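One structure is given below, encoded as structure tokens.
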Amino acid sequence: MAFTVFTDGCSNLPGELIKRFDIHVLPCSYVMDGEPGVYEGDIDAFDTHGYYEKLRKGSEMKTSLLNVSLFLEHFRPELKAGNDVIYVGMSSGISGTIQSANLAKEQLKTEFPDRTVRIVDSLGAGFGPGLLSLRAAELSMEGKNANEAADILDVEVGRLLQFFTVDDLNFLKRTGRVSGPTAAIGTVLNIKPLLWGDPTGHIVAYTKCRGRQKSMDAIIEQYRTKAVDPQNQRVAISHGDCPEDAAYIAKRVREIAEPKELIIVPHEPFTGAHVGPGMLALFFFGEERK
């Protein structure tokens, strides 16, 4: 039975991949400096440089989780057409969007008792759900049904590794990821934390580095020691308007092990508002998160 793959703008996907894999991307609403806007989900079509420049100058970005009505609006036509649905969303550890998706799923059960809706909690953000969405589309092309594909994705969630660093700790302070004193001391001492998505889907510090170069090298070390069979997997790099640093990470990744596909994109605006300009992340599959 055919199934349709859904994700949302937080998955960081570029338009070319969205089209190639026929992924349905739900729009995300936000307010920036009091002005409402909608991010449609194609990172190629978004002015990321202008966005991060506004953040550098102190603009305030407020994001909202996707609500139940939005999921119903987009899932219902696919179910009516006879298609099952898989939705891959941002970690329940940092957002309530997965809860909204599950509430929509329960409502749709009564309307479409013969259809399947599976909600996959990526336990990640940015290209974390993006990589899993691409994998879901590949499983559909291989002939898997929605339940078979979602069961595989639930296993692969535990192998999806996401390491990143930030340039300005004050963005993490605003969202409560670090305390005010920690941000102040870290700024003075030039501390650049290496963060990751832990096994529960929360963003936590993995280690601390003194200086930007050491934090980038720490990301590379995680790839060197933890990537499994990278020649046969898709690897992604995202950046908060620092393309030169992203290019450095890409060069080092290729020196260690050339992935089947290496994607480099600016980081999407939703979690980008929480980590700020200079954020730099690497996403790949490895051993079980622990």
Side-chain angles (χ1 to χ4, degrees), residues 1-13 18 21-30 38-41 62-160 162 197-203 268 270-271 274 289:
M1 179 67 66
F3 68 88
T4 302
V5 179
F6 281 89
T7 187
D8 58 62
C10 295
S11 64
N12 220 143
L13 293 170
I18 293 169
F21 288 94
D22 192 24
I23 295 172
H24 293 229
V25 183
L26 303 182
C28 299
S29 300
Y30 64 88
V38 176
Y39 172 55
E40 298 291 347
K62 295 182 179 179
T63 61
S64 301
L65 60 84
L66 280 67
N67 59 42
V68 174
S69 296
L70 184 69
F71 287 107
L72 294 174
E73 174 189 344
H74 287 268
F75 288 177
R76 192 174 277 122
E78 291 299 317
L79 299 172
K80 282 184 177 178
N83 297 320
D84 294 330
V85 164
I86 289 180
Y87 167 73
V88 183
M90 184 167 60
S91 172
S92 59
I94 57 176
S95 170
T97 294
I98 285 290
Q99 182 181 7
S100 295
N102 277 312
L103 290 172
K105 170 187 172 179
E106 291 305 310
Q107 183 170 329
L108 291 166
K109 273 184 180 180
T110 58
E111 295 181 46
F112 303 96
D114 297 326
R115 297 270 64 82
T116 298
V117 177
R118 291 288 299 267
I119 309 301
V120 177
D121 183 350
S122 72
L123 298 179
F127 232 105
L131 288 179
L132 290 167
S133 298
L134 296 171
R135 182 68 179 124
E138 289 176 333
L139 291 168
S140 178
M141 294 173 185
E142 293 170 9
K144 298 286 192 296
N145 65 37
N147 281 319
E148 291 169 335
D151 288 345
I152 291 170
L153 292 173
D154 284 341
V155 173
E156 295 196 353
V157 163
R159 298 179 48 246
L160 178 58
Q162 307 151 87
D198 75 6
T200 66
H202 293 83
I203 302 302
E268 45 83 15
F270 271 66
T271 55
H274 303 293
R289 295 189 218 184

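We number each residue from 1, following the sequence as shown. Values in this document were obtained by computation on a predicted structure and should not be read as measured data.
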_If you compare all heavy atoms of L66 against all heavy atoms of C28, which two are closest, and at what distance to 0.1 Å?_
CD1-SG, 3.8 Å
_Set of side chain to side chain contact (heavy atoms under 4.5 Å, CB included) partners for V155, sequence neighbours left out_ = none
*Would L139 and E148 satisfy side chain to side chain contact (heavy atoms under 4.5 Å, CB included), going step by step from the backbone distance to the final call?*
CA-CA 9 Å; L139 291 168; E148 291 169 335; over 6 Å; no
*Flag the pair P27 / H74 as yes when at least one side-chain heavy-atom distance between them is below 4.5 Å, and no otherwise.*
yes
*Might you point out which heavy atoms bring L65 and S95 nearest each other, and give the distance in Å?*
CB-OG, 4.3 Å
*Side chains of D84 and V117: closer than 4.5 Å at any heavy-atom pair?*
no
*Considering only heavy atoms from C-beta outward, does the side chain of Q107 approach that of R76 to under 4.5 Å?*
yes
_Shortest non-hydrogen separation from I86 to A146 and the atoms involved_ = CD1-O, 3.5 Å
*At their closest point, which heavy atom of Q162 faces which heavy atom of L160, and how far apart are they?*
NE2-O, 3.7 Å
*Minimum heavy-atom separation for S122 to V88, with atom names?*
CB-CG1, 4.3 Å
*Separation of F3 CZ from R115 CZ (nearest 0.5 Å)*: 13.0 Å
_With side chain to side chain contact (heavy atoms under 4.5 Å, CB included) as the criterion, how do E73 and L70 come out once you've worked through the C-alpha distance, each side chain's angles and the decisive distance to 0.1 Å?_
CA-CA 5 Å; E73 174 189 344; L70 184 69; 4.1 Å; yes
*Reported CD1-to-CG distance for the pair I152 and N147, which is rounded to 0.5 angstrom*: 11.0 Å
*Between T4 and F6, does a side chain to side chain contact (heavy atoms under 4.5 Å, CB included) hold up when you go through it step by step?*
CA-CA 6 Å; T4 302; F6 281 89; 3.7 Å; yes
*Under the side chain to side chain contact (heavy atoms under 4.5 Å, CB included) rule, collect the residues that match up with A101, sequence neighbours excluded.*
F71, Y87, I119
*If you round to the nearest 0.5 Å, how far is CD1 of I23 from OG of S133?*
5.5 Å
_Check: L153 and R135 side chains under 4.5 Å, non-hydrogen atoms_ = yes
*Of all residues at least two apart in sequence or in a different chain, which pass the ring-ring contact (aromatic ring centres under 6.0 Å, His included) check with F21?*
none
*Which atom pair, heavy atoms only, marks the closest approach of A125 to I94?*
CB-CD1, 3.8 Å
*Looking at CG of L131 and OG of S11, how far apart are the two atoms once the value is rounded to the nearest 0.5 Å?*
10.0 Å
*Taking only residues two or more places apart in sequence or in another chain, which ones pass side chain to side chain contact (heavy atoms under 4.5 Å, CB included) with V157?*
V120, L123, L132, R289
*If you round to the nearest 0.5 Å, how far is CD1 of I98 from OG of S91?*
8.0 Å
*Check whether any side-chain heavy atom of F270 sits under 4.5 Å from a side-chain heavy atom of M90, and report yes or no.*
no
*Compute whether any side-chain donor of one residue and acceptor of the other, for E268 and T271, lie under 3.5 angstrom apart.*
yes
*asked:* Which residues pass the side-chain hydrogen bond (donor to acceptor under 3.5 Å, both in side chains) test with E106, not counting sequence neighbours?
replied: K109
*Residues that D22 engages under side chain to side chain contact (heavy atoms under 4.5 Å, CB included), provided they are two or more places apart*: H24
_Side chain to side chain, K105 and F75, heavy atoms closer than 4.5 Å_ = no
*CG/L108 to CD/E78 distance, rounded to the nearest 0.5 angstrom?*
12.0 Å
*Determine whether L79 and V85 make a side-chain contact, defined as any pair of heavy atoms from C-beta on separated by less than 4.5 Å.*
yes
_Does either side chain, that of S100 or that of N67, offer a donor lying less than 3.5 Å from an acceptor on the other one?_
no
*Are there more than 12 heavy atoms of other residues, nucleotides or ligands under 6.0 Å from atom CD of E156?*
yes
_Ion pair check, R118 and D154, cut-off under 4.0 Å_ = yes
_Close side-chain approach of L134 to L13, heavy-atom, < 4.5 Å_ = yes
